[in-house]
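Note that the structure is a prediction, hence the values are computed from the model and not measured. All values below were derived from every heavy atom in this structure, side-chain atoms included, with hydrogens, water molecules and symmetry-related copies excluded. Throughout, protein chains are lettered first and strands after them, A, B, ... in sequence-line order, and every chain is numbered starting at 1.
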Amino acid sequence: MTAYKSDFLNVLAERGFIHQVSEPDALDQIARSKTITAYIGFDCTAASLHIGSLLPIMMLHWLQRTGHQPIALMGGGTTRVGDPSGKDESRRILTDEMIGENLKGIRAIFDKFLKFEGAGGNALMANNADWLNSLNYIDFLRDVGRHFSVNRMLSFDSVKMRLERQQELSFMILQAYDFVELNKRTGCVLQMGGSDQWGNIVSGIDLGRRMSNAQLFALTAPLITTSSGAKMGKTAAGAVWLNADLVSPYDYWQYWRNTEDGDVARFLKLFTVLPLDEIGRLAALQGSEINEAKKVLATEATAMVHGRAAADAAADTSRRTFEEGTHAENLPTVEISGAELANIGVLTAFVRAGLVSSTGEARRQIKGGGLKVNDATVTDEKMVLTAAALTADGIIKLSLGKKRHVLLKPA
RNA sequence: GGGAGAGUGUCCCGAGUGGCAAAGGGGGCGGACUGUAAAUCCGCUGCUUAUGGCUUCGUAGGUUCGAGUCCUACCUCUCCCA
């Protein structure tokens, strides 16, 4: 179905990663004849990345697999400015120490997907703070700013420029500059990103042509939503993070296990590295058999992030919990002191386990019959847990609904 | 610079013009049905030490027994004219 000649573009196209490409033929040609270097920018406002970032990460993964060089660019410099595109809240400005901490957490994730230099690969991790922090404002205006004409700037937004707009504009210029700088430093010729990044990437291409007569390319991925139209990876409860200390491998596995039928094939292509014919076989499963495909999806996707062993353990725990009804000791566990356990109200216990966010919510869930202690529905909100509630294994199993379980263990 | 309008339950949208913990959606969570799916139906969706107490309608003051609602100032956003 695709006419690409290079492995790289072929794989991305077949698996559904491509939304737009600038000058596809020229890029295809280059990717076939030599190793190209490409980058994707990541924001480091948090200590982890969530599922929303998974798609770009997979693009870098395939880039490396098909023989090219990926660069993960951390926005250490731009984060110091704060991102003006989000509304008020995300505009917080972080200190250098916080950014440094975040970078460490994020780096750990990339290590699972890319082989960096020193670990037998050629992937690079760059930080735009390296060049942005030392920029001289006057020089920058002279060398870079002049390429952004007033006309062009006006075409982006309203005539009236508020302070805020100026910051937003600067942000765009800085992102464009990143591309040019990376091109100069590493020979990087391709920037990838989500479809919302198209404008910024193209600005970078433009700037590259003006400043150093470089031929640069853009490739964007489609915005991934579930079949029901929801954005991925964000629930009211919180984002689905990739770091194990924020979202356990078990919960991560469960997230994928609960994928809607209509998304299974697409997600297998995007978020696992299974061969396409294998995916085709799984996608052909009908009715309840598609659950087998979901399990494969969950295990493979979890293995990418948390490793094969953790994925298998999560699959095993799930099987025992859901299919055999026994409780496996691998469920998420919350430790609680013996003194506290001696006399704790159910409401508090569920809050401590993190299954509900307040005692008020616990109360409501009890009214709706949604809470269970050791598989027995809680009917009395004044119920008190004591050591007598411990099962033979010395734990108490708390459940919210049918799917979410936490073990309470005396410390 | 001049003119018009808007900011509501800390997920989003959005009614509300003196009695309000505040209509209605979406989303989310729980229940039923299923296949740990979707669709559908039902319940819930400020906090709490709970027949009570406390905190919420951009921010700060004011009027009033009582303010999301009226008055004043300020902040932010959108649109129109320069």
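Across all strands, A/Lys367 comes closer than 4.0 Å to no nucleic acid atom at all (heavy-atom distances). When heavy atoms are screened at a 4.0 angstrom cut-off, A/Leu371 is found touching no nucleic acid atom at all.
Judged by distance alone, with hydrogens and angles left aside, the side-chain atoms of A/Asp28 form no donor-acceptor pair with the main-chain N or O of A/Tyr4 at under 3.5 Å. Side-chain atoms of A/Thr186 come within 3.5 Å of backbone atoms of A/Cys188 as a donor-acceptor pair (strictly under, hydrogens ignored).
Between the P atoms of B/U34 and B/G25, the separation comes to 27 Å (whole Å). Distance noted for atom P between B/U78 and B/C13: 14 Å (whole Å). Here the separation of B/G18 from B/G43, taken at their C1' atoms, is 34 Å to the nearest Å. Nucleotides B/U49 and B/A39 have their C1' atoms positioned 43 Å apart, rounded to a whole Å.
Comparing A/Leu400 and A/Val351, the nucleotide of RNA chain B nearest to each residue sits closer to the 5' end for A/Leu400. Taking the nucleotide of RNA chain B with the nearest heavy atom to each of A/Ser357 and A/Lys295, the more 5' of the two is matched to A/Lys295.
Classified by interplanar angle (parallel below 30°, tilted 30° to 60°, perpendicular above 60°), the ring pair A/Trp256/A/Phe271 is tilted.
Pair assignment for B/A6: B/U76, on the basis of Watson-Crick or G-U wobble contacts that are both within less than 3.5 Å.
Considering only side-chain atoms of A/Lys402, the nucleotide from B/G30, B/U45, B/G31 that sits closest is B/G31.
At the phosphate of B/A37, neither OP1 nor OP2 sits under 4.0 Å from any side-chain N or O atom of A/Thr259.
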